[in-house]
Amino acid sequence: MKILVLNAGSSSQKSCLYELNDTQPDRPLQPLWEAKIDWTHQQGVSELKVKTAKGTQFEEEFASESRTDTISRMLETLWKGETQTINDLNEIDIVGHRVVHGGQDYQESTLISPDVKKAIARLAVFAPVHNPVNLEGIEAIENLLPNVPQIAVFDTAFHAQLPPAAFVYPGPYEWLENGIRRYGFHGISHQYCARRAAEMLNRNLADLRLISCHLGNGCSLAAIRGGVSIDTTMGFTPLEGLMMGSRSGSIDPGIIIHLLRRSDITAEKLDNILNQNSGLKGISGVSGDMRQIGEAISQGNERAQLALDIYIHRLRAGIGAMLASLGGLDALIFTAGVGENSAFVRATACEAFGFMGLKLDGEKNQQVQGDEDIATADSAVRVLVIHTQEDWEIARECWKFY
Ligand SMILES: Nc1ncnc2c1ncn2[C@@H]1O[C@H](COP(=O)(O)OP(=O)(O)O)[C@@H](O)[C@H]1O
Ligand SMILES: CC(=O)OP(=O)(O)O
Ligand SMILES: [Mg+2]
C-alpha cells in the first residue's frame with residue numbers, strides 16, 4: 001500500500017510517499033519520494049527540494065507564491081517531471097497528516113471526517129500558526145483525491161497521559177473545566193525519538209528515563225519515563241516553554257496584562273508579537289532561523305549573540321526542570337533542525353550538566369552525521385542525536401487503519 005504523508009511545520013512543509021507491505025517494519029523505510037519546502041531560510045522565497053528513491057533530485061525556488069500554490073507544486077512533482085514516482089494519483093491508498101492541536105477530544109489518530117475537520121478548525125485559535133496550515137493540506141488532498149481516506153495524527157496525543165500536577169494550570173479551577181490545561185506538542189517526534197533511543201541503547205523503553213529536546217523552529221522538551229510523557233514544556237498552546245525561532249516561549253503573564261492596559265494593543269497584535277515577532281527573531285532583529293543567527297554572530301552582531309545566549313539559558317533551565325520531574329536520567333536526546341545540526345547548541349546545553357557526570361565527546365559532537373551516541377564512554381548519561389522521523393511515525397499510524 002502507498003501512504004502519502006503531509007507534515008506541516010511552522011517553518012517547513014515536509015512530505016513523503018512510502019510503500020508498506022503486510023508486515024510493518026521496525027525501522028523507517030526509505031520513502032519512494034520525499035519533498036520539503038523551507039519557508040524561512042531565505043526571506044520572501046520558498047525553497048522546494050525533492051528527491052526520490054531512484055536517486056533523482058529536483059530543486060526550485062519560488063518568490064512570494066501562496067502557500068497552497070507551493071504545496072500543489074510540491075505534490076505535482078510526485079507524478080510529473082524528473083521526480084515522477086507514480087503514474088496515477090489513484091495509486092495512493094491513504095494520506096496521513098500531522099495535526100498539531102487535537103485538544104481533549106482526540107487522544108489518538110483518527111479518520112478525518114467533516115466533524116474532525118470542524119474540530120481542527122475550532123482548535124485553530126489555540127494553534128494559530130499550525131492548525132490552519134494542517135487544514136489547508138487536508139483540503140488540498142480532498143480536491144485532488146476526493147475518495148482517499150485521510151488520517152489525522154495529533155502532536156498532542158503522546159502527552160495524553162501527563163499527570164494532573166503537570167497538566168493543570170494553577171489558575172482558577174474553572175479553567176480546567178473549560179479545557180484550559182497543558183496539552184503539550186511535538187508528540188509525534190518525541191514518540192519516535194523515545195522508541196529510537198531504546199533501540200540505539202539496546203535497552204527496554206519501559207526501563208528508560210529520557211529527555212527529548214525537539215529543537216526546530218518550534219521547540220519543546222519532553223520528560224519520558226517508560227515510554228510515557230510525564231512532563232513537557234509546551235502547554236495549552238505551542239507558545240509556552242522554550243525560546244523559539246519567532247515565538248517567545250514562557251514570559252511573565254504580567255507583561256501581557258501590562259500591554260493590554262495600553263489602549264492600542266489588541267489580542268491580534270499580541271498574537272502576532274508573541275508568535276511571529278519574538279524569540280530569536282524578535283531579539284536579534286535578524287531572523288528566527290538559527291543558521292542566520294550563527295552567521296550574524298560571526299559578523300559581530302551583538303543582538304544575535306544575546307538571542308543565542310537567551311536560547312541556551314532557557315534550554316538549560318528547561319532540561320533542569322524535566323530532570324527534576326524524572327528524578328534521574330538515562331539519556332538526553334537532541335532532535336529536529338537545530339538539535340540535529342547545531343553542535344554548538346548541544347555542547348553549550350550539555351555543559352551545564354557536567355556536575356552530574358554528563359560528558360560529551362567533543363569530536364563526535366562536531367562530526368555526527370546519522371543517529372549517534374555522542375557522550376564519552378564514561379559519561380553518566382548518554383547523549384543521543386536522533387534525526388526525527390515524524391513522517392515515518394505518521395505513516396505507521398496510517399498503517400493501523402488499513
Ligand atoms: N545546519 C544547521 N545549523 C543550525 N540550525 C539549522 C541547520 N539546519 C536547520 N537548522 C534550523 O532548524 C530550524 C528548523 O527546524 P525544523 O525541525 O526543520 O523546523 P519545523 O519546526 O518547521 O519542522 C531552523 O531554525 C533552522 O535554522
Ligand atoms: C508544535 C510546533 O511548534 O511545531 P513546529 O515546531 O513545527 O512549529
Ligand atoms: Mg517540525
Side-chain angles (χ1 to χ4, degrees), residues 5-15 34 36-43 46-47 49 67 97-102 123-124 126-134 137 153-159 183-190 192-193 212-222 232-249 274-276 279-281 284 286-298 304 307-308 311 334-348 365-366 368-369 385-391 393-394:
V5 172
L6 265 82
N7 166 11
S10 52
S11 72
S12 62
Q13 168 72 57
K14 295 164 194 160
S15 188
E34 59 188 302
K36 180 179 175 183
I37 304 165
D38 192 327
W39 315 103
T40 60
H41 189 201
Q42 300 184 61
Q43 229 171 7
S46 315
E47 295 175 356
K49 290 188 183 162
R67 250 176 132 107
H97 295 266
R98 172 189 187 211
V99 176
V100 164
H101 213 315
L123 291 162
F126 308 131
V129 183
H130 299 90
N131 275 33
V133 190
N134 303 150
V153 183
F154 298 99
D155 239 359
T156 38
F158 181 59
H159 303 291
Y183 292 98
F185 300 89
H186 292 137
I188 301 167
S189 172
H190 291 307
Y192 171 79
C193 288
S212 166
C213 308
H214 179 107
L215 309 175
N217 189 44
C219 302
S220 78
L221 307 179
T232 190
T233 54
M234 279 182 170
F236 176 55
T237 74
L239 187 53
E240 195 182 350
L242 301 177
M243 177 181 183
M244 311 181 210
S246 65
R247 279 170 257 167
S248 59
L274 296 173
N275 275 305
Q276 313 287 353
L280 292 172
K281 183 179 172 196
S284 70
V286 174
S287 166
D289 191 304
M290 192 57 96
R291 290 164 289 195
Q292 282 165 27
I293 296 291
E295 275 168 37
I297 291 173
S298 64
L308 182 61
Y311 185 95
F334 288 97
T335 193
V338 176
E340 292 162 21
N341 292 297
S342 174
F344 178 84
V345 167
R346 293 191 296 261
T348 45
N365 182 39
Q366 285 295 333
V368 61
Q369 297 229 313
V385 176
I386 297 181
H387 288 71
T388 195
Q389 301 271 356
E390 288 168 310
D391 297 20
E393 201 62 27
I394 295 167

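Whatever order the structure lists them in is the order used to number ligands and atoms, beginning at 1.
Those atoms of ligand 1 with a heavy atom of Ser12 less than 4.0 angstrom away are 20 (P), 22 (O), 23 (O). Remark: ligand 2 atoms within the under-4.0 Å shell around heavy atoms of Phe185 are 1 (C). Residue Val338 approaches ligand 1 through these ligand atoms, each under 4.0 Å from one of its heavy atoms: 11 (C), 12 (O). The Asp289 neighbourhood of ligand 1 comprises atoms 25 (O), 26 (C), 27 (O), with distances under 4.0 Å to a heavy atom of that residue. Residue Gly9 approaches ligand 2 through these ligand atoms, each under 4.0 Å from one of its heavy atoms: 7 (O). Within the listing of ligand 1, atoms 14 (C), 19 (O), 20 (P), 22 (O) sit less than 4.0 angstrom from a heavy atom of Ser11.
Ligand 1 has Gly218 within reach: a non-hydrogen atom of the residue lies less than 4.0 Å from it. Judged by the shortest distance from any of its heavy atoms, Lys14 lies outside the 4.0 Å radius around the atoms of ligand 2. In this structure, Glu340 falls outside the shell of residues with a heavy atom less than 4.0 angstrom from ligand 1.
The shortest N or O to N or O distance between Asn217 and ligand 1 is under 3.5 Å. Any N or O atom pair closer than 3.5 Å counts here, and Met290 shares at least one such pair with ligand 1. Considering backbone and side-chain N/O of Arg98, one or more are found under 3.5 Å from N/O of ligand 2. For the pair Met234 and ligand 2, the shortest N or O to N or O distance does not fall below 3.5 Å.
Among Glu390, Lys14, His214, the residue whose heavy atom sits closest to atom 18 (O) of ligand 1 is Lys14. Within the set Glu390, His130, Met244, His214, the minimum heavy-atom distance to atom 5 (P) of ligand 2 is found for His130. With atom 15 (O) of ligand 1 as the reference point, the heavy atom nearest to it among Gly339, Gly337, Gly288 is part of Gly337.
With Ser220 as the partner, the side-chain hydrogen bond (donor to acceptor under 3.5 Å, both in side chains) test is satisfied by one option alone out of His214, His190, Glu240, His159: His190. With Met290 as reference, Val338 is the one residue of Val338, Asn217, Leu215 to meet the side chain to side chain contact (heavy atoms under 4.5 Å, CB included) rule. Under the side-chain hydrogen bond (donor to acceptor under 3.5 Å, both in side chains) test applied with Asn7, the options Lys14, His97, Glu393, Glu390 reduce to a single match, Glu390.
Looking from atom 6 (O) of ligand 2 to the surrounding protein, the closest heavy atom is His186 NE2, 2.8 Å. Here the protein heavy atom with the shortest distance to atom 1 (N) of ligand 1 is Asn341 CB, 3.4 Å. Nearest non-hydrogen protein atom to atom 8 (O) of ligand 2 is Ser10 OG, 2.4 Å. Of all protein heavy atoms, the one lying nearest to atom 4 (C) of ligand 1 is Arg291 CG, 3.9 Å.
Between the side chain of Asp155 and the backbone N or O of Gly187 there is at least one donor-acceptor pair closer than 3.5 Å. Judged by distance alone, with hydrogens and angles left aside, the side-chain atoms of Ser11 form no donor-acceptor pair with the main-chain N or O of Trp39 at under 3.5 Å. Under the 3.5 Å distance criterion, the side-chain polar atoms of Ser212 are left unmatched by any main-chain donor or acceptor of Ala222.
Counting heavy atoms under 4.0 Å from ligand 2, residue Arg247 touches it through the side chain alone.
Donor-acceptor pairing under 3.5 Å is lacking for the side chains of His186 and Thr232.
Between Phe126 and His101, the ring planes are tilted. Angles from 30° to 60° get that label.
Rounding to the nearest 0.5 angstrom, the gap separating the CE atom in Met244 from the OH atom in Tyr311 is 9.5 Å. For the atom pair CD of Gln389 and SG of Cys193, the computed distance is 9.0 Å after rounding to the nearest 0.5 Å. Interatomic distance, NE2 of His387 versus OG1 of Thr335, reported as 8.0 Å (0.5 Å rounding).
Across every non-hydrogen atom of Leu280 and Gly288, the tightest pair is CD1-O, 3.7 Å.
No side-chain heavy atom of Val368 sits less than 4.5 Å from a side-chain heavy atom of Glu340.
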